[in-house]
Every structure is written in C-alpha cells, then in structure tokens.
Amino acid sequence: MKKLFLCSFAFLILISCAPKKDTYNFEKIIFHSSRCFGSCPIINLQVNKDKSILLSRTKNETMSKIVADINYNEFDYFKGTLSDKLYNQLISELVKTKDLKFDSQNCCDAPLKTMIIYQDGKRKEIETMFPPEEAENLISTLYEIGKLEIFNKVTEKFEIENIKRQD
C-alpha cells in the first residue's frame with residue numbers, strides 16, 4: 001500500500017511539473033500579399049481551423065506587376081485541404097507571433113502584407129510592408145502555402161475577406 005501511495009504521489013508530481021501546452025484558439029487566418037513594381041505574386045489566402053483553404057493568386061508573376069487596376073479575371077482560384085505537416089507549421093508560427101506588435105509601414109515599392117487572424121474569439125488585423133524579423137517564418141509559411149500547386153483549381157470566383165477600411 002505504501003508503494004502504491006508513493007508511486008501515485010510521484011506520478012502527480014511529474015504531471016504537475018510537465019510543461020503546459022500553449023492553447024491557441026485559432027479559427028482562421030487570412031493573408032493577402034499585394035503587387036509591386038517587380039514580380040511580386042498577388043496572393044489571397046484563407047486557412048480555416050479544419051485545414052480547408054481558399055486561395056486566389058495571379059496566374060503568373062508578370063501579371064502581378066503594378067497596373068492601375070487589378071483584373072481579377074487574371075487570377076486562378078483554388079480550394080483544398082492543407083497537409084497536417086504544413087498546418088502544424090502554420091499554427092506553430094502563429095503561436096510564436098501571437099503577441100507580436102506590427103508597425104504599419106506602407107512607404108515604398110514592396111508588397112503590402114495583410115493578415116487577419118481570428119483567435120480566441122477576436123479579430124486581429126495586421127497590415128505592413130515590413131513585418132518584424134520575428135514574423136519572417138510566419139510570412140514565409142503563408143507564401144509557401146500560397147504558391148503550392150497541390151490544390152484543386154475551381155472555376156467559380158470568390159472573394160476573401162480584407163481589412164475593414166474607414167472612409
């Protein structure tokens with residue numbers, strides 16, 4: 001009986017010392033990357049908690065060069081499901097940048113990166129040309145997802161939510 005008590009006590013101590021798993025109530029992330037004077041791909045991406053994605057992007061890089069108006073007929077549209085590996089990588093990067101502050105820098109010829117993150121029942125908008133260094137892996141992961149060729153091309157066009165602008 002004494003051994004059972006000691007084993008139970010040791011087990012409880014081990015459990016209480018185990019690192020707490022960071023809970024992250026992620027609902028969806030939306031990512032937009034704008035055009036520039038060079039060959040910046042225009043990407044509009046939505047990743048949902050169930051790993052489903054919506055993606056629209058320019059058909060090729062030459063179409064993403066700056067023009068007066070964006071012609072959405074020049075976009076390809078995709079739907080699909082993200083692999084467990086890439087989804088877990090995305091969540092890991094979101095957790096790392098959860099409390100990161102982004103400066104809104106919109107000054108030059110660089111693609112504007114927009115993220116709308118729904119987490120813990122809140123909506124967070126981020127828009128900047130130059131994200132902090134700590135967010136580079138998150139941005140790279142979003143670009144990687146946006147350039148994948150594994151999703152199903154669809155004929156119906158759709159819009160992906162963007163920043164709510166005050167007029």
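Along the sequence shown, residues are numbered consecutively beginning with 1. Since we're looking at a predicted model, the values are computed, not measured.
- For His32 (side chain) and Glu161 (main-chain N/O), a donor-acceptor pair under 3.5 Å exists by modelled atom type.
- Remark: Asn162 CG to Ile30 CD1 distance equals 8.5 Å, nearest 0.5 Å.
- Taken from CZ in Phe158 to OH in Tyr77, the straight-line distance is 7.5 Å, to the nearest 0.5 Å.
- Residues Arg123 and Ile163 come closest through the heavy atom pair NH2-CA, 4.5 Å.
- Of the possible donor and acceptor atoms, one in the side chain of Ser140 sits under 3.5 Å from a partner among the backbone N and O of Glu136.
- Phe75 approaches Asn44 most closely through the heavy-atom pair CE2-ND2, 3.5 Å.
- The shortest distance between side-chain heavy atoms of Glu125 and Ile117 does not fall below 4.5 Å.
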Go through it in stages, so that I can follow the logic: the residues are Leu94 and Ile29, the test is side chain to side chain contact (heavy atoms under 4.5 Å, CB included), and I'd like the CA-CA distance, side-chain angles, deciding distance and then a yes or no. CA-CA 9 Å; Leu94 280 169; Ile29 182 170; 3.6 Å; yes
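- For Gln89, the side-chain contact (heavy atoms from CB on, under 4.5 Å) criterion is met by Leu86, Thr141, Glu144, not counting sequence neighbours.
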Walk me through it: do Ile116 and Phe31 pass the test side chain to side chain contact (heavy atoms under 4.5 Å, CB included)? CA-CA 7 Å; Ile116 303 169; Phe31 175 69; over 6 Å; no
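- To the nearest 0.5 Å, atoms CG (Leu90) and CZ (Phe26) are separated by 5.5 Å.
- In this structure, the separation between OH on Tyr118 and CD on Gln46 is 8.5 Å, given to the nearest 0.5 Å.
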Verify salt bridge (charged side-chain N to carboxylate O under 4.0 Å, His left out) between Asp76 and Arg57, making sure each step is shown before the conclusion. CA-CA 6 Å; Asp76 284 327; Arg57 63 180 177 219; 5.6 Å; no
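- The nearest pair of heavy atoms linking Phe78 to Val154 is N-CG2, 4.1 Å.
- Of the inter-residue distances, the one linking Ile91 atom CD1 with Gln119 atom CD reads 9.5 Å to the nearest 0.5 angstrom.
- For the pair Thr81/Ile53, no side-chain contact is recorded, criterion being any heavy-atom separation below 4.5 Å from C-beta on.
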So Lys122 and Glu27, salt bridge (charged side-chain N to carboxylate O under 4.0 Å, His left out) or not? Walk me through it. CA-CA 9 Å; Lys122 297 177 183 166; Glu27 295 148 42; over 6 Å; no
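- A distance of 10.5 Å separates CG in Leu54 from CZ in Phe151, rounded to the nearest 0.5 Å.
- Annotation for Ser34 and Leu112: closest pair OG-N, 2.7 Å, computed over non-hydrogen atoms.
- A donor-acceptor pair is defined here as one N or O able to donate and one able to accept, closer than 3.5 Å; no such pair exists between the side chain of Tyr87 and the backbone of Val47.
- Closest of all the heavy-atom pairs between Ile145 and Leu55 is O-CD2, 4.3 Å.
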Could you walk me through whether Glu93 and Leu142 pass the side chain to side chain contact (heavy atoms under 4.5 Å, CB included) check? CA-CA 10 Å; Glu93 294 304 327; Leu142 291 164; over 6 Å; no
